[in-house]
Q: 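Structure in structure tokens, see below.
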Amino acid sequence: MDSNTNLKPTQRLDESLLSHIPAFSRLQKAQLREVLDQATCKRYDAGVAVFDEGAQADRFYMLLDGVIEVMRIGPLGERVISLHIPPGQLFGIAKALGHVTYPASAITTVESIGLSWPTILWDEYVAKYEGFATESYKTVGARVNEMNAHIMELATLHVEQRIANALLRLTNQAGHKVATGIEINFPLTRQDLSDMTGTTLHTVSRLLSAWQRVGLVTSKRKRITICRPHQLVELSQAKPSY
DNA sequence: ACATTAATTATGT
DNA sequence: ACATAATTAATGT
């Protein structure tokens with residue numbers, strides 16, 4: 001019932017869209033053309049699901065523009081954001097991990113544009129294109145590392161440090177320089193931050209307020225900019241307890 | 001050192 | 001006007 005379903009059979013997308021992303025970096029121009037012709041391009045409104053946890057993983061995706069939150073939902077509605085996908089990254093690649101359904105949901109945080117392919121093509125690409133497998137598994141590996149680091153943070157660090165780390169990670173992938181510092185390039189609520197750090201929006205709100213008072217950050221609704229990245233890095237480090 | 005509850009205010013459509 | 005976001009204080013574990 002919403003009008004964002006303008007599925008377009010990939011009309012003349014340029015090969016340069018793919019040539020810079022790792023998984024396709026080793027392909028020839030003709031091969032890129034072939035891959036692109038099999039892709040579907042779609043636009044998504046902000047806040048809609050690209051796919052849902054548990055659904056048949058019939059396609060895999062690449063984000064061209066926008067931001068995707070990869071999240072799971074607890075027994076009663078509590079969101080856990082496990083990952084943010086910046087443009088140029090593959091996501092929904094359940095097939096690469098041997099899954100038949102998506103292990104998490106992918107939600108757009110802003111209006112986004114994505115390419116997608118039928119999952120069957122994954123195996124074909126792996127077999128056919130030199131470097132597709134190795135390169136894409138590299139990025140999968142990097143993502144696993146990120147998540148591992150995140151788990152360590154959740155388990156060992158204090159709330160203040162976790163939130164600092166979350167903000168730093170976000171600035172690394174979506175940071176945009178502005179006059180007063182580095183702004184995070186997409187709408188981010190306290191709720192979102194708390195969902196990434198396993199705390200509550202209230203605690204996040206209090207902390208941000210405190211940091212704002214000290215001039216470390218500034219924030220409007222859904223927009224956070226870091227004024228003193230260096231101080232934030234310090235806060236993100238665990239303090240020795242003796 | 002943090003969550004929870006609840007009341008209050010600000011902000012975007 | 002309405003819903004969603006953010007702040008703040010009080011209270012609980």
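Chain identifiers are assigned alphabetically (A, B, ...) following the order of the sequence lines, protein sequences preceding nucleic acid strands; residue numbering begins at 1 within each chain. Quantities reported herein were computed from a predicted structural model and do not represent experimental measurements.
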Q: Tell me every residue that passes ring pair (Phe, Tyr, Trp, His ring centres under 6.0 Å) with A:Tyr129, counting only those two or more places apart in sequence or in another chain.
A: A:Tyr125
Q: Under 3.5 Å, sequence neighbours excluded: what are the donor-acceptor pairs made by side chains of residues 105-115 of chain A?
A:
unit_1	atom_1	unit_2	atom_2	d
A:Ser105	OG	A:Glu53	N	2.8
A:Thr108	OG1	A:Asp45	O	2.6
A:Thr108	OG1	A:Gly47	N	2.9
A:Thr108	OG1	A:Val48	N	3.0
A:Thr108	OG1	A:Val48	O	3.3
A:Glu111	OE2	A:Arg43	NH1	2.9
A:Ser112	OG	A:Val67	N	3.4
A:Ser112	OG	A:Val110	O	2.8

Q: Would you mind reading off the distance between A:Leu157 atom CG and B:dC2 atom C1', rounded to a whole angstrom?
A: 15 Å
Q: How about A:Ser116 and A:Thr40: does a side-chain donor come under 3.5 Å of a side-chain acceptor?
A: no
Q: Listing request: all side chain to side chain donor-acceptor pair (under 3.5 Å) pairs with a residue in residues 82-92 of chain A, at least two apart in sequence or in separate chains.
A: A:Gln89-A:Arg143
Q: Between residues 162-171 of chain A and DNA chain C, which residues have a heavy-atom gap below 4.0 Å?
A: none
Q: Using the test side-chain contact (heavy atoms from CB on, under 4.5 Å), find all partners of A:Thr189 that sit at least two apart in sequence or belong to another chain.
A: A:Gln191, A:Asp192, A:Lys222
Q: For each nucleotide in nucleotides 1-13 of chain C, reading 5' to 3', give B when a protein heavy atom comes within less than 4.0 Å of its base, S when such contact involves only the sugar-phosphate, and - otherwise.
A: ---BBSBBB----
Q: Using side-chain contact (heavy atoms from CB on, under 4.5 Å) as the criterion, list what pairs up with A:Ser209, not counting sequence neighbours.
A: A:Ser205, A:Arg213
Q: Hey, can you pull the donor-acceptor pairs under 3.5 Å for the side chains in residues 93-103 of chain A, sequence neighbours left out?
A:
unit_1	atom_1	unit_2	atom_2	d
A:Lys95	NZ	A:Asp123	OD2	2.5
A:Tyr102	OH	A:Arg59	N	3.2
A:Tyr102	OH	A:Arg59	O	2.4

Q: Under the side-chain contact (heavy atoms from CB on, under 4.5 Å) test, which residues partner A:Val80, sequence neighbours left out?
A: none
